Amino acid sequence: MQTTPARLGTRHRWIGWGLLSLLVVCGAGCVRAMALMGKVVLGDPKAVSKFENRTGIKLQEDKPPIIIHCSAPLAVLDICESLTGDVEAALIRNMKQKELSVVDQNRVVDAIDSRGGHYSHQAVIEEIDDAKYLFEIQIESFQLHDPNTSSMYHGICRGTIKGYEIAGASAEKGSPDVRHTVQVFEQDFDIDYPNGHPMPREQMSESIFRKKFVNQLSKNLGNIFYDVTSKELF
């Protein structure tokens with residue numbers, strides 16, 4: 001009996017998805033090998049953004065203007081004073097590379113300054129009246145060194161991202177529907193760098209390790225907003 005192209009296509013899809021399923025149970029070396037095998041059958045598969053999975057909204061396709069704001073408690077800022085700004089800058093850079101529409105951070109800073117310098121998401125959405133979504137990245141804990149061995153680097157960052165859809169028009173436009181937010185998304189994150197294996201401090205300076213950690217942190221957070229390929233995942 002001849003195998004039709006349709007049957008071959010179905011068979012290839014089943015093989016491909018079977019390979020992807022094995023990624024879940026494989027170790028790191030096996031994951032890379034299986035990912036390469038999966039590419040042969042399926043091409044380079046993508047992991048859909050967590051926001052799209054949860055809401056069905058495609059930020060990359062629809063391109064709604066997005067506000068990003070990162071905050072952290074004083075205990076975290078004592079460790080790295082520039083952390084929130086560094087995370088915002090790295091994440092926004094990645095988002096723009098993925099062609100998402102992100103509101104310029106200078107506008108966000110101006111909106112906060114116009115209300116006395118204290119962040120309020122209500123104030124921000126009123127000042128930036130073309131934004132459609134607001135995401136608040138709340139960093140709750142952050143460390144650069146292994147808690148058991150100060151001579152080792154071990155980056156750990158935990159927190160939460162909350163996403164809000166912005167509705168209503170600004171008062172300047174004469175709308176009776178005041179600008180307001182509706183929470184549509186929430187996602188905890190717990191990022192371990194480099195992959196749970198501490199790194200000796202003599203290998204690099206703390207500033208370089210911190211930069212590498214923040215870059216990895218921004219990549220991990222990026223999949224909340226945009227699709228990533230297997231190459232980017234591994």
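Predicted, not measured: the structure shown is a model, and the values here were computed from it. Excluded from the calculations below are hydrogen atoms, water molecules and symmetry mates; all remaining heavy atoms, backbone and side chain alike, are included.
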K.L.:
Hey, can you tell me if Phe225 and Phe135 have their rings parallel, tilted or perpendicular (30° and 60° cut-offs)?
P.N.:
perpendicular

K.L.:
What I'd like to find out is whether the side chain of Arg107 reaches to under 4.5 Å of the side chain of Asp130, using heavy atoms alone.
P.N.:
yes

K.L.:
Taking atom CG of Asp188 and atom CD of Glu140, what is their separation to the nearest 0.5 Å?
P.N.:
7.0 Å

K.L.:
Can you confirm whether Leu59 sits close enough to Tyr133 that some side-chain heavy atom of one is under 4.5 Å from a side-chain heavy atom of the other?
P.N.:
yes

K.L.:
Please round to the nearest 0.5 Å and tell me the distance separating atom OG1 of Thr181 and atom CD1 of Ile67.
P.N.:
10.5 Å

K.L.:
List the steps and the verdict of side-chain hydrogen bond (donor to acceptor under 3.5 Å, both in side chains) for Asn94 and Lys219.
P.N.:
CA-CA 7 Å; Asn94 293 342; Lys219 288 180 180 179; over 6 Å; no

K.L.:
Please answer: with hydrophobic residues joined when any side-chain heavy atoms are less than 4.5 Å apart, are Ile161 and Val48 in the same cluster?
P.N.:
no

K.L.:
I'd like to know if Ile66 and Ile125 are part of one continuous hydrophobic network [Ile/Leu/Val/Met/Phe/Trp/Tyr, side-chain heavy atoms within less than 4.5 Å].
P.N.:
no

K.L.:
Between Asn215 and Ala90, what is the shortest heavy-atom contact and its length?
P.N.:
OD1-CB, 4.2 Å

K.L.:
Can you name the nearest heavy-atom pair linking Tyr119 to His69, along with the distance?
P.N.:
CG-NE2, 3.4 Å

K.L.:
Say whether Val214 and Val76 are linked into one hydrophobic cluster, either directly or through other cluster members, by side-chain heavy-atom distances under 4.5 angstrom.
P.N.:
yes

K.L.:
Testing the basics here: between Ser49 and Asp227, what is the closest heavy-atom pair and its distance to 0.1 Å?
P.N.:
N-OD1, 2.9 Å

K.L.:
Look at the rings of Tyr153 and Phe209 and say which category their plane angle falls in: under 30° parallel, 30 to 60° tilted, over 60° perpendicular.
P.N.:
parallel

K.L.:
Quick one: pull up SG in Cys157 and CG in Leu221 and give me the separation to the nearest 0.5 Å.
P.N.:
7.5 Å

K.L.:
Locate the shortest heavy-atom distance separating Arg210 from Cys80; write the atom from each residue and the value.
P.N.:
CD-SG, 3.2 Å

K.L.:
Any side-chain heavy atom of Leu144 sitting closer than 4.5 Å to one from Glu206?
P.N.:
yes

K.L.:
In terms of heavy-atom contacts, does CD of Gln122 have more than 12 from other residues, nucleotides or ligands at under 6.0 Å?
P.N.:
yes

K.L.:
Around Lys63, counting heavy atoms of other residues, nucleotides and ligands shown, do more than 12 lie under 6.0 Å from its NZ?
P.N.:
yes

K.L.:
First locate atom CE of Met199, then atom CE of Met152, and finally report the distance between them rounded to the nearest 0.5 Å.
P.N.:
9.0 Å

K.L.:
Check for a donor-acceptor pair, side chain of Gln60 on one end and backbone N or O of Tyr226 on the other, with a separation under 3.5 Å.
P.N.:
no

K.L.:
What's the separation between atom CG in Leu100 and atom CD1 in Ile92, rounded to the nearest 0.5 Å?
P.N.:
11.0 Å

K.L.:
Should Leu91 and Ile137 count as side-chain neighbours, where that means a heavy-atom distance under 4.5 Å?
P.N.:
yes

K.L.:
State, without any angle test, whether Thr160 and Glu186 hold a side-chain donor-acceptor pair at a distance under 3.5 Å.
P.N.:
no

K.L.:
Could you check whether any side-chain heavy atom of Met95 comes within less than 4.5 Å of a side-chain heavy atom of Ile68, counting everything from C-beta outward?
P.N.:
yes

K.L.:
Keeping Asp62 on the side-chain end and Pro64 on the backbone end, is there a donor-acceptor pair under 3.5 Å?
P.N.:
no

K.L.:
What pair of heavy atoms forms the shortest contact from Val103 to Pro65, and how long is it?
P.N.:
CG2-CB, 4.2 Å

K.L.:
How long is the span from the NE2 atom in His180 to the NE2 atom in His121, to the nearest 0.5 Å?
P.N.:
10.5 Å

K.L.:
Let me see the working for His145 and His154 under side-chain contact (heavy atoms from CB on, under 4.5 Å), right down to the final yes or no.
P.N.:
CA-CA 5 Å; His145 303 107; His154 185 182; over 6 Å; no

K.L.:
Would a hydrophobic clustering, with Ile, Leu, Val, Met, Phe, Trp and Tyr connected at side-chain separations under 4.5 Å, put Phe189 with Tyr164?
P.N.:
no

K.L.:
Give me the atom names and distance for the closest heavy-atom approach of Leu77 to Ala72.
P.N.:
CD1-O, 3.8 Å

K.L.:
side-chain contact (heavy atoms from CB on, under 4.5 Å) between Ser120 and Arg115: does it pass, once the steps are laid out?
P.N.:
CA-CA 8 Å; Ser120 158; Arg115 303 296 180 98; over 6 Å; no

K.L.:
Would you check, one step at a time, whether the test side-chain contact (heavy atoms from CB on, under 4.5 Å) holds for Ile128 with Leu134?
P.N.:
CA-CA 11 Å; Ile128 305 175; Leu134 165 65; over 6 Å; no

K.L.:
Is there a continuous path of hydrophobic side-chain contacts, each under 4.5 Å between heavy atoms, that joins Val102 to Val108?
P.N.:
no

K.L.:
May I ask you to say whether Glu52 pairs ionically with Lys58, meaning some side-chain N is under 4.0 Å from a carboxylate O?
P.N.:
yes

K.L.:
Hey, what's the ring geometry for Phe213 with Tyr193, parallel, tilted or perpendicular (30° and 60° as the breaks)?
P.N.:
parallel

K.L.:
Hey, mind stepping through Thr229 and Lys46 against side-chain contact (heavy atoms from CB on, under 4.5 Å) and telling me if it holds?
P.N.:
CA-CA 4 Å; Thr229 63; Lys46 290 185 178 182; 4.0 Å; yes

